[in-house]
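Down below is the structure, laid out as C-alpha cells.
Chain naming here is simple, since letters A, B, ... match the order of the sequence lines and numbering starts at 1 in each.
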Amino acid sequence: MSAGSFYITTPIFYVNDVPHIGHAYTEVAADVLARWHRQSGDDAWLLTGTDEHGQKILRTAIANGVTPKEWADRLVETAWKPLLETVNIANDDFIRTTDERHEVNAQKFLQHLHDEGHIYTGEYEGYYCVGCEEYKQTSDLVDGTGAYTGQLVCAIHSKPVELLHEKNYFFKMSAFAERLLALYEENPNFVQPEAARNEVMSFVKRGLSDLSISRSSFDWGIKVPWDESHVVYVWFDALLNYITAAGYGQNDEEFASRWPATHIVGKDILRFHAVIWPAMLMAAGIEVPKQVFGHGWLLVGGEKMSKSKLTGIAPSQITDTFGSDAFRYYFMRAISFGQDGSFSWEDLSARYQSELANGFGNLASRVIAMVLRYCDGTIPALSEGTAGDFTADDLAIRATEQRVTDAATAFIDTLAIHDALASVWQLVDELNGYITLQEPWVLAKNPESRERLGTVLHTAVRGLGTLAVLLSPVIPVATGKLWTALGGDGDLADQRVDRAWEWTGGAKVSALEPLFPRIESIVEPADG
RNA sequence: GGGGCGGUAGCUCAGCUGGUUAGAGCAGCGGACUCAUAAUCCGUCGGUCCCGGGUUCAAGUCCCGGCCGCCCUACCA
C-alpha cells in the first residue's frame, strides 16, 4: 500500500548445480512478489545471482581443463541466465560472487568484523578424505568393514579418513544467541512460515557454537584480508551478496535506501539465512533482514525432487509445451507458498486446461469476440450512451472486482501468493457466470435491448481489464496481450495492481488470439 | 534417541480459538445454452475425517497410546 523500498532476494545459485524446477520455483515466487510491489508503487528491487567459489567448483573446472572463473562464466551464460529467461524473471540485478563489487566489499565486511573483535584464530578439526580431497561431515562417514573394521571410512571411497587440524578463523557467533532469540520473539514475522520459525528457534535454543569462516586447503575464494593464505568459507562469502549487491561498502546512499531485504529461500538453507546471516549483520552493526521466508520442496512422485536423483525436471521441459506463464501460474496457484507441494504432469495439464484455457483464456476470447461482432470493436461507454445504467448484477461484478483486488493485495502482504490467486479467480468464475446469465448474444438480436447489451459488454470488458492488471505479476505475457487487445493505455507493467478495479476501459478492442491454446496431447518427457 | 509437521471425497487440498446434515477445485455423471479455445452455466454422484481409547451436552478440531510419511538435530555452496 504505502510506497517504500521493497528489496527482495532469491538465493544465489551454486553454479555447479543443474537448473531444475525447484530453482525456477524460487525465482518465480520472488519475481511475482517483486512485480506486485513494483505495481503497487513501491521501489521494488529483485536480486538474484550466482555463488561461484568453493572447492567443488575449483575441482570441476580443473577436470574440464579451464580456470574456475572460466568455468563459472560458462555456467552462468549457458545455464543460469537462460533459466531466468525461461521463466521470465524481471530481476533488477544479477550478482556473481566473483564480481569485484562483491569481493572487495565482502572483504571490507570481514575486516570490519575482525577490527571489532568478532573474529579469532582457532583450530578446525575434521575428518579428511584423501580420495575426495575434502573434509567430511560425520554424516558422510560410515563404519568400516573388513580390514577397516572399527574405523570410520568415507561413504564414497570406503577408505579410512584422517583426523586433521587446520588453523582457521572463527566468527564468534555464539555471542549472538540471546539477541537472535530476542529477535525471533519480538518479531514473529522475521522467520516465516510458522513451522520454519519453530525449527529455527529450537535450534538456537540448544545453543550456538562459533563458526569457522576460513579455509586454507584450497584457494578458490575471497582472500581473507589480513591473511591471504586463507579464503573465506563459501557460505560466509555467499550470504554477503545480499548487501554487496545493494551498495554496501561503496554506495552508502543506495544501501540505506534498499536495505533491509526480504529473503526468499528454500527450507534447506533456512538456517543460514535465519541464524548465521542475522548474527553476521548484528556483529557488523547492520540492520537485520526484514524477513526470511522458507518455502517448501517440490515433491515429484511423493519424493523431494533431487538434483542427484533422476527426479530433476528442467524448467524448459514444461515451458516448451505450456509456456512461461503457465509455469508461473501453476506453481504459484497449486502450491501453498511455504509448504511442500506435489508436482505432476497430470495436475499441471489439468490446471492449464481448466483454469487457464477454459477459465481465463476463454473468458477473454468470448468477451472480445462479442465486442468485435456486436459493437464493431468499440467498447460501449456509459458517457456516450452506448451503455445504460448498471443493474444489481452489473454492480455485483464491480463489487467483486474491488473485493478481490483488496483481498489479493492483503494476501500478497503475507506472501500468500496462492491465496491471492484463488481470490482473483473468483472474478474469473463470476464473470463467466455473469456472461452466461446476461446472454449478450440474445440481447444482440433485439434492437430494443441495444443499450443493455452495451452495459453488459462494458461491464465484462472492465472486469477483464481488472483481471489483466491483477494477473500481470504472475502471467505477464498473456496479460500483456490482453491489455493490448483491450486498448489499455500505456504499459501494463505500469498499472497499479492495488487499484486494478479502478480501470474504466479503453476505446476499442482488437482481435485476440487464444491466450492459452488447448494442448491436445501432452507428451510427458520420458526419463527414469 | 529428542523435536517439528502431516495423514480429510478418485486426485490436489480448505476446515480459526471444539457446536447445525464435513467443504472447494479438478475428474465422473445428467441437463441448459451457443458469444467463446467442443467452451461456458446449472444440477448431481462421491468421505469409516489413519487406528484405538479418553475428556465433553457436543470432537475432523482437545488429551493419551499406536501406525505411516516427511523434515530438523550446525559449517551439504
*Describe the nucleic acid contact of A/I12 in one word from base, sugar-phosphate, nothing, applying a heavy-atom distance below 4.0 Å.*
base
*Tell me which nucleotide among B/rG2, B/rC13, B/rC33 gets nearest to the side chain of A/S342.*
B/rC13
_A/R197 to A/F190, cation-pi by 6.0 Å centre distance and 45° axis angle_ = no
*Are the side chains of A/M201 and A/V204 in touch, meaning some heavy atoms are under 4.5 Å apart?*
no
_5' priority, RNA chain B, between A/S212 and A/L515 [closest heavy atom]_ = A/L515
Check: protein-nucleotides 40-42 of chain B nitrogen or oxygen pairs below 3.5 Å:
residue, atom, partner, partner atom, Å
B/rU40, OP1, A/N358, O, 3.4
B/rU40, O2', A/R366, NH1, 3.2
B/rU40, O2', A/T436, OG1, 2.6
B/rC41, O4', A/T436, OG1, 3.4

*So what does A/F203 hit on the nucleic acid, given a heavy-atom distance under 4.0 Å: a base, only sugar-phosphate, or nothing?*
base
_Is a donor from one side chain sitting under 3.5 angstrom from an acceptor on the other, for A/H102 and A/Q107?_
no
Report, one pair per line, the protein and nucleotides 5-7 of chain B atoms (nitrogen or oxygen only) whose separation is under 3.5 Å.
none

_Tell me whether A/E355 is salt-bridged to A/R333, with the criterion being a basic N under 4.0 Å from an acidic carboxylate O._
yes
*Provide the distance between the two C1' atoms, one in B/rC68 and one in B/rA27, to the nearest whole Å.*
27 Å
*Pairing partner (Watson-Crick or G-U wobble, both distances under 3.5 angstrom) of B/rG65*: B/rC51
*asked:* Among B/rC71, B/rA74, B/rC26, which nucleotide has an atom closest to any side-chain atom of A/W297?
replied: B/rC71
*Do the rings of A/F516 and A/F360 sit parallel, tilted or perpendicular, given the 30° and 60° boundaries?*
tilted
*B/rU56 to B/rC63 separation - P atoms, rounded to the nearest Å*: 16 Å
*Say you pick atom C1' in B/rG46 and the same atom in B/rC11; how far apart are they, in whole Å?*
13 Å
*Go through B/rC70, B/rA14, B/rA74 for me and flag the one nearest to the A/S209 side chain.*
B/rA74
_For the C1' atoms, the ones on B/rA9 and on B/rG47, what distance do you get once it is rounded to whole angstrom?_
5 Å
*Classify the nucleic acid contact of A/R351 as base, sugar-phosphate or nothing, counting any heavy atom under 4.0 Å across all strands shown.*
nothing
_Of the listed nucleotides (B/rG2, B/rA14, B/rC70), which one gets closest to any side-chain atom of A/R206?_
B/rG2
_Would you measure the distance from the C1' atom in B/rC49 across to the matching atom in B/rG18 and give it in whole Å?_
15 Å
*If the P atom of B/rG60 is compared with that of B/rU21, how far apart are they to the nearest Å?*
11 Å
_Between A/E70 and A/R74, does any NZ, NE, NH1 or NH2 come within less than 4.0 Å of an OD or OE carboxylate oxygen?_
no
*Taking 4.0 angstrom as the limit, do A/R215 and A/D237 come out as a salt bridge?*
no
_Side chains of A/H263 and A/W277 only: does a donor on one sit below 3.5 Å from an acceptor on the other?_
yes
*Write down the partner of B/rC45 under the Watson-Crick or G-U wobble criteria, each distance required to be under 3.5 Å.*
none
*For A/P517, report the nucleic acid contact type (base, sugar-phosphate, nothing); a contact means any heavy atom under 4.0 Å.*
base
*Return the nearest nucleotide to the side chain of A/E199; candidates are B/rG25, B/rG3, B/rA74.*
B/rG3
_Comparing A/R333 and A/D210 on RNA chain B - which has the more 5′ nearest nucleotide_ = A/R333
_Please classify the nucleic acid contact of A/M173 as base, sugar-phosphate, or nothing, using heavy-atom distances under 4.0 Å._
base
_Between B/rG52 and B/rC41 - P atom distance, rounded Å_ = 41 Å
*If B/rA14 has a Watson-Crick or G-U wobble mate with both distances under 3.5 Å, name it; if not, just say none.*
none
*asked:* Among A/W80, A/Y14, A/F331, which residue satisfies the ring-ring contact (aromatic ring centres under 6.0 Å, His included) criterion with A/H23?
replied: A/W80
*B/rC62 versus B/rG2 - spacing of their C1' atoms, nearest Å*: 24 Å
*asked:* Are A/H118 and A/F176, when compared by the centres of their aromatic rings, separated by less than 6.0 Å?
replied: yes
*May I ask you to check whether A/H273 and A/Y242 place their ring centers less than 6.0 Å from one another?*
yes
*With a 4.0 Å cut-off on heavy atoms, is A/F13 in touch with a base, just the backbone sugar-phosphate, or nothing at all?*
nothing
*Can you tell me the pairing partner of B/rC70 across any strand shown, Watson-Crick or G-U wobble, with both distances under 3.5 angstrom?*
B/rG4
